[in-house]
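One structure is given below, encoded as structure tokens.
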Amino acid sequence: MGVSVARIRVLVVDDHRIFAESLAAALAAEPDVDVAAAGSGPAALRCLDRGAAEGRRFDVLLVDAELGAGPAAGAAHPAPADPEAVVDGISLVAGVRRAQPALRTVVLAEKDDPHRAALALQAGASGWVAKDCSLQRLLAVVRGVLRDETHLPPALLTGVLRELTAARKHRTDSERLVESLTPREREVLRCMVAGLGRKAVAERLFLSPHTVRTHMQNVLGKLGVHSTLAAVALARRAGVGPAEPAAGLAGDVVERGGQPA
């Protein structure tokens with residue numbers, strides 16, 4: 001009786017159909033690899049959900065670095081709550097990492113980009129490889145990430161380490177600024193991160209709108225920023241999450257002319 005070989009389930013996600021189908025076909029020729037392909041982030045998430053529901057979870061996700069490239073591509077995004085909101089490869093990596101932590105993700109790129117590669121690793125990717133690499137190289141990466149290895153092209157290592165070090169310093173500086181806030185100011189900041197404006201924050205915290213405005217101005221001053229949007233961006237870098245939604249309270253305008261509404 002032959003020994004059964006554990007099969008590797010791979011999902012290729014690329015909105016260039018010919019490339020996705022060609023890569024899927026090449027991988028499927030391997031005796032221990034099962035492959036499927038998806039043409040967008042939302043389609044990939046539906047495929048992952050279907051596989052999980054059927055008890056046939058995917059092991060590795062191969063994602064195009066420029067998936068859904070548009071104005072948002074190249075920027076860091078938080079993991080989206082709405083799957084349909086996934087617009088680019090980095091956001092997909094982050095969303096998948098949160099939904100299925102055991103799934104390993106490898107980003108496929110047309111060019112070396114230390115900044116984008118660092119963003120991918122921060123989002124949860126286990127590897128970054130060139131689209132034009134050999135099939136043998138790609139298979140080595142796929143098998144390697146399943147052993148909890150991280151794979152980067154040697155030419156990218158120095159640049160990625162520099163990016164990660166800078167990001168860590170930036171995050172540490174942001175955390176230090178947030179720690180300077182009073183407990184009440186941190187509550188207000190979390191409401192700002194949640195998208196609540198002055199009136200909604202006042203209702204949420206049982207404060208007068210005037211008091212909330214004062215707290216918001218103090219938050220901006222202590223964080224060294226001049227707008228609510230900048231404060232929210234800094235808070236996110238520091239790991240500050242949004243205030244939990246309260247029934248019956250909807251967010252209103254959070255910024256008008258660069259100042260708290």
Side-chain angles (χ1 to χ4, degrees), residues 70-82 84-88 90-95 97-98 113-124 160-261:
H77 300 292
D82 178 5
E84 296 301 321
V86 176
V87 294
D88 67 277
I90 304 301
S91 290
L92 178 60
V93 171
R97 179 67 173 177
R98 183 176 64 179
D113 185 333
H115 179 66
R116 293 277 288 165
L119 288 177
L121 293 180
Q122 289 175 310
V160 168
L161 287 174
R162 185 182 300 115
E163 290 284 342
L164 292 175
T165 300
R168 188 178 299 112
K169 181 180 184 300
H170 206 178
R171 185 169 59 250
T172 301
D173 291 342
S174 299
E175 290 170 348
R176 189 178 301 114
L177 288 170
V178 169
E179 288 173 359
S180 73
L181 302 178
T182 66
R184 177 62 84 184
E185 288 166 351
R186 291 182 199 177
E187 284 185 288
V188 170
L189 179 59
R190 292 185 66 225
C191 289
M192 293 163 68
V193 173
L196 302 180
R198 179 160 52 99
K199 182 180 177 181
V201 175
E203 294 175 359
R204 175 67 176 269
L205 301 181
F206 304 104
L207 300 171
S208 72
H210 175 74
T211 299
V212 170
R213 184 176 183 82
T214 299
H215 281 314
M216 286 183 163
Q217 290 173 337
N218 289 340
V219 167
L220 298 189
K222 289 184 178 181
L223 297 185
V225 297
H226 301 287
S227 72
T228 301
L229 294 181
V232 169
L234 187 150
R236 285 175 173 161
R237 285 197 300 271
V240 176
E244 294 298 323
L249 289 183
D252 54 4
V253 177
V254 298
E255 181 152 346
R256 187 178 297 124
Q259 294 300 321

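One-based numbering along the sequence shown.
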task: Give the intermediate values and the outcome of salt bridge (Lys or Arg N to Asp or Glu O under 4.0 Å) for residues R184 and E187.
output: CA-CA 5 Å; R184 177 62 84 184; E187 284 185 288; 3.0 Å; yes
- prompt: Once you round to the nearest 0.5 Å, how far does CD of E203 lie from SG of C191?
  reply: 11.5 Å
- line: Nearest heavy-atom contact between A243 and R204 is CB-NH2, 3.9 Å
Partners meeting side-chain contact (heavy atoms from CB on, under 4.5 Å) with T214 (sequence neighbours left out): H210, N218
field: By side-chain hydrogen bond (donor to acceptor under 3.5 Å, both in side chains) - contacts of S180 (at least two apart)
entry: none
- line: CZ of R190 to CG of L196, rounded to nearest 0.5 Å, is 11.0 Å
message: For E185, give me all partners under side-chain hydrogen bond (donor to acceptor under 3.5 Å, both in side chains), at least two apart in sequence or on another chain.
response: T182, K222
task: Specify the closest pair of heavy atoms between L234 and L223, including all atoms of both residues, with the distance to one decimal.
output: CD1-O, 3.8 Å
field: Whether R186 side chain and E179 backbone form a donor-acceptor pair below 3.5 Å
entry: yes
- request: Measure across M192 and A231 and return the closest heavy-atom pair with its distance rounded to 0.1 Å.
  value: CE-CB, 4.1 Å
message: Quick check: closest heavy atoms across V193 and A235, and the distance to 0.1 Å?
response: CG2-CB, 3.7 Å
message: Using 0.5 Å steps for rounding, measure from the NE2 atom of H215 to the CG atom of L205.
response: 8.0 Å
- request: Identify the heavy atoms of V178 and A238 that sit nearest to each other, and give their distance.
  value: CG2-CB, 3.8 Å
- request: Measure across P209 and A202 and return the closest heavy-atom pair with its distance rounded to 0.1 Å.
  value: N-CB, 3.9 Å
